[in-house]
Peer 1: 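Pasting a structure here, questions to come.
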Amino acid sequence: MSTLRLGDTAPDFTQDSTEGTIQFHEWAGSSWVVLFSHPADFTPVCTTELGKTAALSGEFAKRGVKTIAISVDPVDQHKKWIGDINDTQNTTVNFPIIADADRSVATLYDMIHPNALATQTVRSVFIIDPKKVIRTTFTYPASTGRNFDEILRVIDSLQLTDSHKVATPANWKDGDDVVIVPSLQDPAELAQRFPKGFNAVRPYLRMTPQPNK
Ligand code: BEZ
């Protein structure tokens, strides 16, 4: 196990899940993927997180994203827990939960931080692009549920900045103005890419309306 960094290829694995054996790269196909870990089944914060992910399934699908959860409990426990999640969160869990009882995936992805939580996974998130490249990681403690609107916001930023020469400023959300990458200086290309113009607050800080809106 070595620490995974942005730009690394997401390691492939084969593991059991609530939807049968998953070979990760094959399962991901040409989609974006959000892989996110949970300390344990039948725990309150995790229950709300999985419910929220299911409730946002339309938003993930719209962006071409598959979600996949993981914890170190076995598949029969996951399946019982899904019943509780659906009941209590008024939703239908429609994505797999990896049953990582041998901790092989958790180890591969460095999701167990023993100085924080001895044997369970912390709340890791990996956003992986269709080329299987890790584009974003973040890690929350067990006591803090993640913000799934933030995960969607990051995906919006990644997908926008992959196709336009822009970056997204602090607290940006889809539809807000963006910044033009400083390396773009050619006046003809600036005019062609940003027909609505831009505001050069400083030579390096040029704001423009979101180009795909
Ligand atoms: C939870 O998901 O609620 C949780 C899990 C482990 C420690 C604390 C909370």
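Indexing begins at 1, ligand by ligand and atom by atom, following the structure's order.
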Peer 1: Does any N or O of ligand 1 fall below 3.5 Å from an N or O anywhere on T43, backbone included?
Peer 2: yes
Peer 1: Do D176 and K173 meet the salt-bridge criterion of a basic N to acidic O distance under 4.0 Å?
Peer 2: yes
Peer 1: Which of the numbered atoms in ligand 1 are under 4.0 angstrom from any heavy atom belonging to V45?
Peer 2: 1 (C), 2 (O), 3 (O)
Peer 1: To the nearest 0.1 Å, how far is atom 4 (C) of ligand 1 from its closest protein heavy atom, and which atom is that?
Peer 2: R123 NH2, 3.6 Å
Peer 1: To the nearest 0.5 Å, how far apart are CD1 in I22 and CD in Q15?
Peer 2: 9.5 Å
Peer 1: Looking at R135 and D162, is there a salt bridge between them, counting it only when a charged N and a carboxylate O are closer than 4.0 Å?
Peer 2: yes
Peer 1: Which protein non-hydrogen atom lies closest to atom 7 (C) of ligand 1, naming both residue and atom, and how far is it?
Peer 2: A142 CB, 3.6 Å
Peer 1: Taking only heavy atoms of C46, which atoms of ligand 1 are found under 4.0 Å from at least one of them?
Peer 2: 1 (C), 2 (O)
Peer 1: With salt bridge (charged side-chain N to carboxylate O under 4.0 Å, His left out) as the criterion, how do K62 and E59 come out once you've worked through the C-alpha distance, each side chain's angles and the decisive distance to 0.1 Å?
Peer 2: CA-CA 5 Å; K62 220 161 66 181; E59 293 299 320; 3.2 Å; yes
Peer 1: Parallel under 30°, tilted from 30 to 60°, perpendicular over 60°: which one fits the rings of F95 and F36?
Peer 2: tilted
Peer 1: May I ask you to identify, for P39, whether its side chain, its backbone, both or neither come under 4.0 Å of ligand 1 on a heavy-atom basis?
Peer 2: side chain
